[in-house]
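Working notes, beginning with the structure itself.
Computed from a predicted structure; not experimentally measured. Just so you know, these numbers use all the heavy atoms, side chains as well, and skip hydrogens, waters and symmetry mates.
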Amino acid sequence: MDPVTMIVTALAAGAAKGAGESASTAVTDAYRALKAGLARVFGGNAPAELVLAQHGTDPDAWQGPLTKLVTETGADRDEQILTAARKLLELSDSSGSRAGTYVVNAGGANIANIGDHARQNNTFGAVPGPASDMKGRGDLGVQW
């Protein structure tokens with residue numbers, strides 16, 4: 001799972017489980033910690049804080065704007081936020097956590113594709129034709 005998806009998924013799980021009366025104190029605390037970390041990164045930006053607050057009431061409707069904010073603000077690269085998101089997911093979805101769903105290790109990777117239902121096709125050993133054959137095909141003959 002990529003970091004942005006992990007953060008947004010954790011917030012949705014926290015909104016579903018962390019806000020209810022049946023939620024454990026640990027889940028509620030982890031949800032609050034993740035929201036507080038995001039509020040810190042959003043740095044008093046009123047529209048961003050509104051998106052964060054509204055996401056808690058309707059995660060499906062606010063997923064897109066929140067995903068954009070997490071990416072634009074660099075929250076997906078903030079170790080405290082990533083740690084809080086992992087912890088919340090572990091507490092709210094222990095079976096997924098035990099299965100390693102929320103572990104991302106791309107150390108040393110030159111090519112990576114991380115996330116649920118991700119698809120990547122690589123062709124090795126193909127020799128690109130002359131530069132004239134690459135016209136309109138993108139950089140180095142790679143088609144996207």
Side-chain angles (χ1 to χ4, degrees), residues 1-128 133-144:
M1 177 179 299
D2 72 276
V4 175
T5 302
M6 182 175 62
I7 292 166
V8 174
T9 301
L11 280 171
K17 294 187 178 197
E21 290 182 25
S22 62
S24 71
T25 303
V27 171
T28 303
D29 290 347
Y31 178 57
R32 288 183 182 147
L34 179 55
K35 285 182 70 172
L38 286 169
R40 172 184 52 80
V41 170
F42 293 165
N45 178 324
E49 290 176 355
L50 174 68
V51 169
L52 182 59
Q54 292 301 318
H55 181 270
T57 62
D58 190 355
D60 291 336
W62 292 89
Q63 178 179 347
L66 183 63
T67 298
K68 183 178 179 185
L69 281 169
V70 167
T71 303
E72 288 177 350
T73 61
D76 59 323
R77 296 179 303 277
D78 185 296
E79 280 304 316
Q80 288 179 328
I81 290 174
L82 293 172
T83 299
R86 276 188 216 99
K87 181 175 182 178
L88 179 53
L89 286 169
E90 288 170 5
L91 292 169
S92 63
D93 181 16
S94 59
S95 62
S97 180
R98 281 193 302 274
T101 302
Y102 312 115
V103 175
V104 176
N105 183 357
N110 291 322
I111 298 174
N113 192 351
I114 301 169
D116 292 345
H117 312 290
R119 180 180 164 173
Q120 178 173 331
N121 297 317
N122 297 324
T123 304
F124 297 97
V127 179
D133 289 348
M134 291 187 238
K135 185 175 182 179
R137 293 178 54 198
D139 188 31
L140 298 178
V142 177
Q143 288 183 311
W144 301 104

Begin with the C-alpha distance, continue with both residues' side-chain angles, and end with the deciding distance and a verdict on side chain to side chain contact (heavy atoms under 4.5 Å, CB included) for Arg40 and Asp78.
CA-CA 11 Å; Arg40 172 184 52 80; Asp78 185 296; 3.1 Å; yes
Determine the minimum heavy-atom distance between [X] and [Y], stating which atoms define it.
{"X": "Pro59", "Y": "Ala15", "result": "CG-CB, 4.0 Å"}
{"X": "Leu82", "Y": "Pro3", "result": "CD2-CB, 3.7 Å"}
{"X": "Glu49", "Y": "Ala39", "result": "OE2-O, 4.4 Å"}

[X] [atom1] to [Y] [atom2] distance, which is reported to the nearest 0.5 Å:
{"X": "Leu66", "Y": "Phe42", "atom1": "CG", "atom2": "CZ", "answer": "5.5 Å"}
{"X": "Leu38", "Y": "Gln80", "atom1": "CG", "atom2": "CD", "answer": "11.5 Å"}
{"X": "Leu89", "Y": "Ile7", "atom1": "CG", "atom2": "CD1", "answer": "10.0 Å"}
{"X": "Thr71", "Y": "Arg77", "atom1": "OG1", "atom2": "CZ", "answer": "8.5 Å"}
{"X": "Asp76", "Y": "Ile81", "atom1": "CG", "atom2": "CD1", "answer": "9.0 Å"}
{"X": "Leu34", "Y": "Arg86", "atom1": "CG", "atom2": "CZ", "answer": "11.5 Å"}

Does the pair Thr73 and Asn45 meet the rule for a side chain to side chain contact (heavy atoms under 4.5 Å, CB included), with working shown?
CA-CA 11 Å; Thr73 61; Asn45 178 324; over 6 Å; no
Do Leu11 and Leu52 come within less than 4.5 Å of each other through their side chains, counting heavy atoms only?
yes
State whether the number of non-hydrogen atoms from other residues, nucleotides or ligands found under 6.0 Å of Lys35 atom NZ is greater than 12.
yes
The criterion is side chain to side chain contact (heavy atoms under 4.5 Å, CB included); which residues satisfy it with Ala26, sequence neighbours excluded?
Ser24, Leu91
Closer than 3.5 angstrom, by distance alone: can the side chain of Thr57 be matched with the main-chain N or O of Gln54 as a donor-acceptor pair?
yes
